[in-house]
Amino acid sequence: MVNSKLPPTLLTSSNDEKKKYFENVVISHPKLNEAFIKAKLTVTEHKTPLILLYGPSGVGKSTLLSKLYNSLVSDVINELHTDYSRIPAIFFESKAAESIQFSWKDYFKAGLIKLEEPCIDQKIIPPHLSHKINLNGSHNKETTSALRWAFESALIHRRPLVCIVDEAQHISKIARGSKLLDQMDVLKSIANITKVPHVLAGTYELLKFRNKSAQLSNRSVDVHIPRYRAENQLDLQQFQICILSLQDHLPVHEINLLEHWEFLYERCIGCVGILKLWLQRALDMYLTENKIEFSIDCLEKTALSITQCSTMAREAREGELELYETLEDRNFLLNTLGIHRVNETTETESKSKAKNNRTKKVGRRNPVRDSCNYKIKKDENDELASVVSPKDPSIFH
Amino acid sequence: MNLLQSFPPRTPLYSIDPIKPDITQIESFHHYIFRLATAHCLNVRSFLFWCVAKGQGAQPLFLMHNGHAAAFSTQEMLVRKLETLTKRDNLQEMTLIYFKEVLKDHNLYRAHQAWCPICLSEKNKPIYERLSWTLKGITTCIKHEQVLAERCQVCQKKLIQFKIYGYCSYCQSDLSSIKLTNQASLLELHNTAELILNLFKTPRQKEIPVENSITCLMDTHQLNANSLSKVASLSAFSLNKKERKKPSLDTLITLSHYFKYPLYKLLDKRLI
């Protein structure tokens, strides 16, 4: 049975064309759509300075970002025919640092390239501002600062609707933990000054940022793209629909992927992005080796190893747990706010328990540090001697 | 990464509007270049070299720091380049290139900066160099009736290029200091007003005719170059049409006073 959704000439075309066709296929699934709607609304309507978009690796973050970018560009495309200076949106990837610290220089340069800025290597701090910045004579700081000014100025003049940064978890790569807050403050400050919302997309490592700063929690919106979880029946149904959608676009003759849905779920941990890449690899093998049918054999040979899947599943689980709020967390919050409604009972209970469990004997001293000053001690002893006159030996005479 | 939607090509430079509260207060081209370079976080020199090289490969061109003092040809080349790079069509307004065919550019612009300290000290208004301040013939600020300052009041130096506009590039003192303001005389104010009216407020049609109106003037009054030079106390050389030299602004002002003819009519033959 041939898939009716495939272009009619595709099955007779070359292997490269088939591969390219499947590579370019983008399926929209409920989790992706939900996150897309939230992200777009936050960018266009609420104008929140920072949007943190996180999810496990391979869940479809990059697909969502591309979709968001394309949608925003389409929104202003007519305006671009009259306003030749405006850049509708920018999308770049933050580089992983080769040293121990994240390089802001590389980050700003990547942004400036997308903003089509000339002479990036010759940027200077604007003369009217240079005297206000204390760089301690550091040339490196001066260059970074100049690039930052240039990036801010470019964002102000080019007026993009959004600045999308993929793999933003690389920003958290820093030498000292205390600096993590500073890293995020830089982005928050740029977003505030330029009034251009920043979408930072990455893995659950991004949550480190949000939880660090009170101001950041206030100024940022979270968009979570979760994986399809096996514990949830609805999630499983939706995952099976995703399998069917991808199957419809596989340029092969006969196939029924739904038969093997458990195996598919196991090796993609419920992430559609991983599943698509896997099917891409399997298709590649099927076409290169001229196999008769696209069987489970192709899938097994191209699947990720159990160790790889375990690592990904563990990381995803850890991230999900970080989002999970327990009753204890709530109690802690109420306690911090001074609302003892929840904690009062527990406190009184613990006090009464402490009373009942008293094991100390009567007449036993509390552990108190005694004074060790000789003079004071002597005076005290003299006073005591005068007060306790009955004990004076002369009485007995 | 999936395919990203493309959009029409963007201008390489920001399309910044010239400051123009009214035509008499229009920003100078020199200051516009400075503002554009600063917005791109570049110094003026590297910015101009990039602009020039962007069009037709690197050109061995000497670019003066004080762009307004450049010849009409250099100004015209830069205006064209910047108009292409910013997709604007109104940058020429900030120069006197319109009169390039009928006016000599030599001694037209000042070689150094001039400014009205009171204009610079006005609050909630942009601080910028006016085109009128760059002209040699304009010596006063009509708005505040002040003689334009030409030297820093602290170090007494003449300033050529901008480092931070509104501050001396040598001693960094504030140029808007109004301690030593100088009241302009009535004659100076009258001359400035006349120049501004004739150079800025006259309607600018598409292209000014190459031939200036002095020939027309000589024909009307039946005078030749020699006799005209005698009556108007001008050098015959400056009026000799065979030399095809363009008259200087001073010559035109003298003739306009002598024949009681408005200056703008002498600049554009079609207006006679």
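Being a predicted model, the structure only gives us computed values, none of them experimental.
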(request) Please state whether the side chain, the backbone, both or neither of B:Thr86 comes within less than 4.5 Å of a heavy atom of chain A. (result) neither
(request) Can you tell which part of B:Ile16 gets under 4.5 Å to a heavy atom of chain A, answering side chain, backbone, both or neither? (result) side chain
(request) Flag the one option from A:Leu65, A:Val73, A:Leu80 with the top tally of heavy-atom pairs under 4.5 Å to chain B. (result) A:Leu80
(request) Look at A:Ala89, A:Pro118, A:Ala150 and state which one has the largest set of heavy-atom pairs under 4.5 Å with chain B. (result) A:Pro118
What part of [X] lies closer than 4.5 angstrom to a heavy atom of chain B: side chain, backbone, both or neither?
| X | value |
| --- | --- |
| A:Ser71 | neither |
| A:Ile87 | both |
| A:Tyr69 | side chain |
| A:Glu116 | both |

(message) Against the six-membered ring of A:Phe92, is A:Lys114 placed for a cation-pi contact (under 6.0 Å from the centre, within 45° of the normal)?
(response) no
Contact between [X] and [Y] at the side-chain level, heavy atoms closer than 4.5 Å - yes or no?
| X | Y | value |
| --- | --- | --- |
| A:Val196 | A:Leu161 | no |
| B:Lys136 | B:Leu249 | no |
| B:Tyr128 | B:Arg35 | no |

(message) Under a 3.5 Å threshold, yes or no: a donor from one side chain and an acceptor from the other, between B:His40 and A:Glu117?
(response) yes
For the interface with chain A, which of [options] has the highest count of heavy-atom pairs at distances below 4.5 Å?
| options | value |
| --- | --- |
| B:Tyr165, B:Tyr167, B:Phe47, B:Phe7 | B:Phe7 |
| B:Gly166, B:Ser46, B:Ala39 | B:Ala39 |
| B:Arg10, B:Gln172, B:Gln5 | B:Arg10 |

(message) Is it the case that atom NZ in B:Lys125 sees more than 12 heavy atoms from other parts of the structure closer than 6.0 Å?
(response) no
(request) Verify the neighbour count for atom NZ of B:Lys143: are there more than 12 heavy atoms of other residues, nucleotides or ligands below 6.0 Å? (result) yes
(request) Heavy atoms only: give me the nearest B:Glu122-B:His144 pair and the separation to one decimal. (result) OE2-NE2, 3.3 Å
